[in-house]
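Start at 1 and go down the list; that is how both ligands and their atoms are numbered. Scope of the values below: all heavy atoms of this structure, side chains included, with no hydrogens, waters or symmetry mates.
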Amino acid sequence: MRIARAEHSRRHFLGRLGAATVAALLAGCDAASRSAWLPKVLGVGERASRSAQRLASSRRSMAQEFSPADLSPQFRSNGTANPDNPEYQALAATHFADWRLKIDGLVERPLKLSLQELRAMASRTQITRHDCVEGWSAIGQWTGVPLSAVLRLAVPRPQARYVVFHCADPMDAQGTLYYESIDFDDAYHPQTILAYELNGALLPIANGAPLRVRIERQLGYKMAKYLMRIELVSSFANIGAGNGGYWEDQGYEWYAGI
Ligand SMILES: Nc1nc2c(c(=O)[nH]1)N[C@H]1C(S)=C(S)[C@@H](COP(=O)(O)O)O[C@H]1N2
Ligand SMILES: [Mo]
């Protein structure tokens, strides 16, 4: 019953993904991203059944990891490239020395962590492929702290079901800030990291400095950049328009599995 419903919404989403991807291809992306994306576009049917299989078995599988030779020459930026937000700009001016990641909501121990504190924690480095719904892909190397380690420090309360990422960038004239959310399956997945480095260098502002999340088995829009706050909730009914993310509020699927 649950699987049937998930599969229904997945097909709906893949239909839309196909149209968006074809539009992007017609608009002309560069050859590298086209070749990385094309097999997946052509294999939509195959993808749907593979995803159904994954849903039926486990969501704990690992995303493919690559070698340094596979790295894209450049990891492009998409969406916001520099938040139009005075508070963020002030933090950026001092290289995020005064930035703190807040972790609150349904936790026993609310936290405020500096970049230095996050960097002092055990890190994980992974080379993965990022797939954007707009029809481009790029392979990059990410280094950061596993989200699971940060959650363990904060001690989630039993009622907590989702992890909400609040970002610094306003998306519209009303100042709606980008936000996203994932469930605990993804939050505790070993490849879900809060990344502060891209390709061995400090995370550029264009890619989400000082901190962005990597959720490697989902599409690019889930991977919130410019993180300011992580909130644990039992439901996202009262966050944004209630669909779990900025793009979800515009009609995108909440679970954007690849
Ligand atoms: N805060 C924030 N996070 C965001 C976005 C954004 O506009 N703002 N865009 C999303 C989309 S659609 C993609 S594909 C990736 C792009 O990441 P990149 O800029 O590192 O390529 O970030 C995602 N996370
Ligand atoms: Mo995207």
Side-chain angles (χ1 to χ4, degrees), residues 13 16-21 23-25 27 29-30 32-33 36-37 40-41 63 71-85 87-89 91-92 96 99 101 126-144 147 163-172 175-182 186 192-231 239-240 243-258:
F13 176 65
R16 189 171 17 203
L17 175 62
T21 305
L25 287 172
C29 359
D30 64 77
S33 67
W37 188 258
K40 299 177 58 207
V41 174
L71 287 171
S72 299
Q74 198 203 330
F75 199 99
R76 63 170 276 184
S77 167
N78 201 46
T80 303
N82 191 0
D84 183 11
N85 173 346
E87 186 195 346
Y88 177 87
Q89 292 301 331
L91 293 167
F96 303 104
W99 171 93
L101 177 69
Q126 59 204 29
I127 300 178
T128 52
R129 194 188 61 219
H130 177 111
D131 295 327
C132 172
V133 70
E134 291 168 26
W136 60 273
S137 300
I139 294 178
Q141 175 184 287
W142 303 95
T143 299
L147 176 58
V163 176
V164 181
F165 303 102
H166 296 280
C167 308
D169 50 325
M171 298 300 289
D172 56 25
T176 309
L177 297 170
Y178 199 97
Y179 81 101
E180 257 304 339
S181 63
I182 55 175
D186 272 312
T192 298
I193 62 173
L194 301 173
Y196 44 72
E197 280 180 17
L198 169 58
N199 295 338
L202 219 55
L203 185 63
I205 285 185
N207 302 102
L211 197 71
R212 71 98 52 87
V213 67
R214 298 295 312 168
I215 302 152
E216 303 294 358
R217 299 165 310 162
Q218 294 204 52
L219 290 169
Y221 67 84
K222 297 298 291 185
M223 306 197 214
K225 309 195 283 187
Y226 316 113
L227 293 180
M228 300 297 286
R229 176 179 172 219
I230 294 178
E231 181 187 12
I239 297 183
N243 300 298
Y246 174 77
W247 285 113
E248 286 83 338
D249 288 341
Q250 326 296 314
Y252 281 45
E253 291 295 315
W254 176 76
Y255 189 77
I258 292 172

Phe165 vs Met223, test: side chain to side chain contact (heavy atoms under 4.5 Å, CB included). Steps then yes/no. CA-CA 9 Å; Phe165 303 102; Met223 306 197 214; over 6 Å; no
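Partners of Tyr88 according to the ring pair (Phe, Tyr, Trp, His ring centres under 6.0 Å) rule, which considers only residues two or more places apart in sequence or in another chain, are Phe96, Tyr226.
A donor-acceptor pair is defined here as one N or O able to donate and one able to accept, closer than 3.5 Å; no such pair exists between the side chain of Gln218 and the backbone of Ile182.
Ligand 1 is surrounded by Phe75, Arg76, Ser77, Asn78, Gly79, Thr80, His130, Cys132, Trp136, Cys167, Asp169, Tyr178, Ala206, Asn207, Arg212, Gly220, Tyr221, Met223, Ala224, Lys225, Tyr226, each with at least one heavy atom closer than 4.0 Å.
Remark: aromatic rings of Phe75 and His130 are close, center separation under 6.0 Å.
With respect to the salt-bridge test (charged N to carboxylate O, under 4.0 angstrom), the residues Lys222 and Glu248 qualify.
No side-chain heavy atom of Ser72 sits less than 4.5 Å from a side-chain heavy atom of Arg129.
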